[in-house]
Protein chains: 2
Amino acid sequence: MKYYQREGLLPAGERTAPNQVAYSGEHVQRVRLIRALLETGGLSIAAAKDVISALDASDAPLSETFEVAQHAMSTPRTKESEPSESARARVAAIVVSRGWAFSADNPGIDAAARALDGLSAIGFDAPDAYLEAYASAAASAAAADLRALSERTSRDAIAELMVVGTVLGDPLFAGLRRVAHEDATHEMFATQSPK
Amino acid sequence: MKYYQREGLLPAGERTAPNQVAYSGEHVQRVRLIRALLETGGLSIAAAKDVISALDASDAPLSETFEVAQHAMSTPRTKESEPSESARARVAAIVVSRGWAFSADNPGIDAAARALDGLSAIGFDAPDAYLEAYASAAASAAAADLRALSERTSRDAIAELMVVGTVLGDPLFAGLRRVAHEDATHEMFATQSPK
DNA sequence: ACTATCGGATAGTGCTACTATCCGATAGTG
DNA sequence: CACTATCGGATAGTAGCACTATCCGATAGT
């Protein structure tokens, strides 16, 4: 906690006396947020710092705040190698066919392309139907994110949800997909008894 | 590379002479797979080792192989705290309402619950519609995974795709969701010029 | 006055994922 | 057949990250 303050993640508490500091409920919430970003979102301290300072910069335009969140997520813990050009083209093709507007340097393209490269390392060249299913799942999730955003009124509340939702949406999906997998395999290997 | 051999991720090459070793194309595929697991999948060396030794254990039952993959993904880089009981209940309710069969200790439940906790740390209590959207996205992805599996014939090929697909499906989705986000925000902030 | 506690600063720790160096032996070359 | 260059293998060292422990001076309470 003193460590987080040092790193600039957590503001100092309110001075009540020269050697006493009081922490409000807001601080507690902030700590929870930091831990969620670090543990659940898998961000590094540096990335989390970028995210929370974007949250606190209430005067920055929303689009900029969003970019910070996108960027924080693509700060990998281990260095990432370049995806193959064919995988990138594959992803771009699927995305274009869905009519999405995107810029060529969107790091999501590379991230998806790297996943495709990994799959082809075991000889699985993802068919269009597979990619389409994932793209459509991603579109549904993104649409849900947007709807959630539109229900908030204040600029700060929108910025917060935008940033945190960007980071925490992935683990939310990942967890649910794992449960869905278990359900699917229950049917596949009917050997184990259900629930 | 020698490091990977030391850690048991990569088998030794074929001896051609007492001090010469030849590497086949299989080795380079294996290296690609390892790097995909580590960099793209975000696994630790230890988790990747579990995964690849599960792949090589061709005689283990498929359900067991699958569990190894599930477990490897839930080996976090930073220690994870317990999710709140209410968030767990929330996830369980959504999952039950979809009629999924799952065991109470499925780590996906906790992962999703932690994400929910993080969201509520900024005052966002995910509405049912939001969770439903993510659950349905997860179901579609899981179904696509299953279909891909069913197109492979040999037991080894199925095990491989099961394990690697479990690990790499998340980053694939994550990348695509980020592109979808950019598309969505393009419409939201019509200030920047498209493409 | 006296001690106990607090905030703040500095230095140290444990872990992970590599990387560099050394060494003895063999492969290729004249 | 000698000589050097290279190779695999083993051991030790490194860099970065996320903390954690210790010290210190000052103030709060008795």
Side-chain angles (χ1 to χ4, degrees), chain A residues 1-28 30-53 71-82 114 118 121 167-168 171, chain B residues 1-28 30-53 71-82 114 118 121 167-168 171:
Chain A
M1 149 136 178
K2 302 219 274 188
Y3 171 68
Y4 289 155
Q5 290 186 340
R6 216 170 33 245
E7 300 293 325
L9 295 184
L10 196 61
E14 197 162 336
R15 267 274 121 64
T16 59
N19 71 337
Q20 296 294 101
V21 174
Y23 294 100
S24 64
E26 217 170 285
H27 277 87
V28 172
R30 173 55 65 88
V31 169
R32 267 202 262 279
L33 173 60
I34 291 170
R35 308 238 33 110
L37 256 25
L38 293 183
E39 295 174 4
T40 310
L43 299 191
S44 67
I45 293 279
K49 179 181 172 175
D50 290 348
V51 166
I52 69 113
S53 48
H71 181 259
M73 292 178 60
S74 54
T75 305
R77 223 156 263 270
T78 62
K79 200 165 293 173
E80 290 182 344
S81 48
E82 285 291 301
R114 268 189 294 266
V167 173
L168 293 185
Chain B
M1 150 135 178
K2 303 221 272 187
Y3 170 68
Y4 290 153
Q5 290 185 343
R6 222 176 20 250
E7 299 294 323
L9 295 184
L10 196 61
E14 197 160 335
R15 265 276 120 64
T16 59
N19 71 338
Q20 296 294 99
V21 174
Y23 294 99
S24 64
E26 217 169 285
H27 276 87
V28 22
R30 174 55 64 90
V31 170
R32 268 201 262 278
L33 173 60
I34 291 171
R35 308 239 33 112
L37 255 28
L38 293 184
E39 296 174 5
T40 310
L43 298 191
S44 67
I45 294 278
K49 179 180 173 174
D50 290 348
V51 165
I52 69 114
S53 48
H71 180 259
M73 290 178 59
S74 55
T75 304
R77 223 157 263 269
T78 62
K79 200 164 292 170
E80 289 182 346
S81 48
E82 285 292 301
R114 268 189 293 267
V167 173
L168 293 186

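Reminder, nothing fancy here: chain letters follow the sequence lines and each chain counts from 1. Below, all heavy atoms of this structure are taken into account, side chains as well, without hydrogens, waters or symmetry copies.
The pairing partner recorded for D/dT27 is C/dA4, the criterion being a Watson-Crick or G-U wobble arrangement whose two distances lie under 3.5 angstrom. When both distances must be under 3.5 Å, the Watson-Crick or G-U wobble mate of D/dT20 is C/dA11. In this structure, C/dA17 forms a base pair with D/dT14, meeting either the Watson-Crick or the G-U wobble geometry with both donor-acceptor distances under 3.5 Å.
Within 4.0 Å of A/T78, counting heavy atoms only, lies no atom of the nucleic acid at all.
Of the candidates D/dA10, C/dT10, C/dC18, C/dT10 carries the atom nearest the A/R6 side chain, counting heavy atoms from C-beta on. In the set C/dA17, D/dC19, D/dA18, the nucleotide with an atom closest to the side chain of B/I45 is C/dA17. For A/K2, taking side-chain heavy atoms from C-beta onward, the closest of the listed nucleotides D/dG9, C/dG7, D/dC19 is C/dG7. Looking at the side chain of A/Y4, the nearest of the listed nucleotides D/dC19, C/dC18, C/dA17 is D/dC19.
Considering only heavy atoms from C-beta on, B/L37 comes within 4.5 Å of B/I52 through its side chain.
Between the CG atom of B/L10 and the C1' atom of D/dG9 there is a distance of 15 Å, rounded to whole Å. Following rounding to the nearest Å, B/Q5 (CD) and D/dC7 (P) show an atom-to-atom distance of 15 Å. A/K49 places its NZ atom 15 Å from the C1' atom of D/dC17, with the value rounded to the nearest Å. Whole-Å rounding puts the A/Y3 OH to C/dG8 P distance at 18 Å.
One finds no salt bridge joining B/R114 and A/E39 here, because no Lys/Arg side-chain nitrogen approaches an Asp/Glu carboxylate oxygen to under 4.0 Å.
Under the 3.5 Å distance criterion, the side-chain polar atoms of A/H27 are left unmatched by any main-chain donor or acceptor of A/A22.
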